[in-house]
Visitor: 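Next up is a structure, given as structure tokens.
Every chain is numbered from 1 and lettered A, B, ... according to where its sequence line falls, protein lines coming before strand lines.
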Amino acid sequence: MLKIENLHAILEEEDKPILKGVNLKVKPGEVHAIMGPNGSGKSTLSYIISGRDGYEVPEGSITYNDEDILELEPEERAAMGVFLAFQYPVEIPGVGNMTFLRTAFNAIKKARGEEEISASDFLKLVRTKAKELNISPDLLKRPVNYGFSGGEKKRNEILQMAVLEPSLCVLDETDSGLDIDAMKQVSEGVNALRSPHRAIIVITHYQRLLNHIQPDIVHVMVDGSIVQSGGAQLALDIENNGYSNILSNLN
Amino acid sequence: MLTENKDGYNFPKRGDEYWKFTKPDQFVEISKQACQTQFQNNINAQSPAQATALYNLDGMGKIEFVLQPNELLFDQSDRRITSTLELGLKNLYQGKSSWIDDIAGVIENRIQKPIPRPFAKYCIDHSQIGLCLWAKGEIVDPVILSYGEGFAGGEHLIHNIIRVSSGAKLTLVEIGNPWSGVNMVNEVHVEPNGEFNHIRIAVGNTEAQSLIHQYAKVDEAASLKSFSLFGNSPLTRNEHIIELPGNDANAHVSGVFVGSGNVSQDDTVFIRHEGLNGTSRQVFRKVLNNGATGVFQGKIHVNPGSQKTDGYQKSQALLLDEKSQFLVKPELEIYADDVSCSHGSTCGSIDNNSLYYLRSRGISKDEAISMLSLGFLKEVLDEIESEVIVESLGELLTDMVNNAI
Ligand SMILES: Nc1ncnc2c1ncn2[C@@H]1O[C@H](COP(=O)(O)OP(=O)(O)OP(=O)(O)O)[C@@H](O)[C@H]1O
Ligand SMILES: [Mg+2]
């Protein structure tokens, strides 16, 4: 489904290499976890998958459902089913959360040649999903993420994911900032999306989330490349021992 | 600085104070042309419903008038008009009613100092067209004044005289700029504890060159709120001069402009605090694209002794391309020591993070830019008193933004 080969990326404004040969294959139905020290390039990878500009890719490729997506606009990738739950969701004053959700939903439907649903059906859909994620109706009326607490922002990301039903979900540290109950609700939201047709990549620092969302494969990213991959046990090892073993093996 | 011309009006020249960015030349021509032709104008009045339906203000309670160059149409059967509202055409009223004479030319005259405003004086001296409106009590429904089709294509001088009595309340919505050129003045007197809410919707003519003045005197504990929405016309100068001679008076002026291409819109605001505890707000936002120009010149003036004045001024522009420009002259002139006044001006482009965020959810680049522009402008609508009016503006504003992108 997602195939990343020898991906290199340079941050244009700093002329700074961030990704240095990432390889990753994700099949439908799989859940992958990516861990790794701060600054190793996890968020950068997620941005490049979703199509943020400002990066030069001198080498490597990303294909999604056998299509090269590196040249595609972010909205085209979203229409193909790519979704990134941001580590730092953006506050957008003046744009209502509900308007935003509906515009995104309709834009994706339109791009896929599917029929839009009625405004009242959409409202019902959003309200139901919001309730499941324990998002207060008040947050739907406010501007996008504007003045939301850290945890509210993260839940709002998962709400968008639940409404847009993407086929590839990349969750960048969705667990940070969530209280224990919220972590459970969000995990349930994510697990509800698990399906044989859908792949999920969770970027996290903590094993805790992986108790709720069981990964099939765990990767460790260090200094811009994936240096180790393994089963769920790898996350437990990291939780107990940190990255020192992995780092010393590298040297 | 000013030159005397043969009519005795010292029309401003390029670069004069308060004509720093907008060239006054065209307005001299427009004013004189309007003066010559206003009596030759015999265009028949057209259906009054047309102009207002455009802006989706239907469905709310309203008292509606359509002003034409040669007549005023209104619904005679509406009793509210007679009980709390008096109105008539300026040319019929003039010299026959003392309340008009107390305002016409008087408010404007106070304001000629320290900076002369020859265009306004010219308009008041020569205009035969305008509405005299006197609110004597609380008028719940907005009064809607549309400028009719009869104005289309010509130059006009329009002089409206508005009085809000002590404790009265009036909402006036002015709609339309179907003229090709206009010099117009609203003279407003809000008496103690009176409340005047004003909305101007000057949208829908891509040819108009407008010079618009609103001169107001806001008495003790009275309030004036004025919001204007300007569409994509080649040249607009919107001038507000407001005096607050009494204590506890309040003035809010705000505005939105959406411009694209070879257009220029200028808001020039001067608020003078002369009493104690006055409050004022100036809030303006503009979205500029394809080389459009936005101008804001604003001053908060606080007289000696006008303590506890609270003055706020903010002008902001969102530039959607590199050729567009926002030219500003924000000023504070404060002669009292116990006041809180602030001014700020910002000019920016679309935030890349926000744009990426919206696009990553499947929203196209143009639609995302439109949403962000609209979001930027919508915050100004908070300045409007009536929620019904705010809602009625949503669709219009969306269309304006979409057309500019
Ligand atoms: N605008 C920028 N200017 C300079 N360096 C940057 C910029 N953006 C990212 N970087 C650098 O790129 C590297 C990778 O950052 P990235 O956010 O991808 O790391 P991460 O693995 O997600 O870290 P964390 O676990 O802390 O979220 C870091 O060293 C970071 O400082
Ligand atoms: Mg990160």
Visitor: Which atom pair, heavy atoms only, marks the closest approach of A:G189 to A:L133?
Guide: CA-CD2, 4.3 Å

Visitor: Between the side chains of B:D266 and B:T268, does any donor sit under 3.5 Å from an acceptor?
Guide: yes

Visitor: Is chain B contacted by the side chain of A:I92, its backbone, both, or neither, given a heavy-atom distance below 4.5 Å?
Guide: side chain

Visitor: For A:S43 versus A:S46, what's the shortest heavy-atom pair and its separation?
Guide: O-OG, 2.6 Å

Visitor: Check each atom of A:F105 against the heavy atoms of chain B and say whether the ones under 4.5 Å are side chain, backbone, both or neither.
Guide: neither

Visitor: Find the one option among A:A107, A:A104, A:A79 whose heavy-atom pairs under 4.5 Å with chain B are most numerous.
Guide: A:A104

Visitor: Non-hydrogen atoms of chain B under 4.5 Å away: do they reach the side chain of A:P89, the backbone, both or neither?
Guide: both

Visitor: Which residue out of A:D53, A:V95, A:L101 racks up the most heavy-atom pairs below 4.5 Å with chain B?
Guide: A:V95

Visitor: Most heavy-atom pairs under 4.5 angstrom with chain B, which of A:E73, A:E75, A:M80?
Guide: A:E75

Visitor: Do A:F86 and B:Y356 have their ring centres less than 6.0 Å from each other?
Guide: yes

Visitor: May I ask you to decide whether A:D121 forms a salt bridge with A:K124, counting only side-chain N to carboxylate O separations under 4.0 Å?
Guide: yes

Visitor: Exactly one of A:L45, A:I203, A:V202 should register a side-chain contact (heavy atoms from CB on, under 4.5 Å) with A:D172. Which one does?
Guide: A:I203

Visitor: So for A:R52, is it side chain, backbone, both, or neither that comes closer than 4.5 Å to the heavy atoms of chain B?
Guide: both

Visitor: Looking at B:I363, B:L358, B:N353, which makes the most heavy-atom pairs under 4.5 Å with chain A?
Guide: B:I363

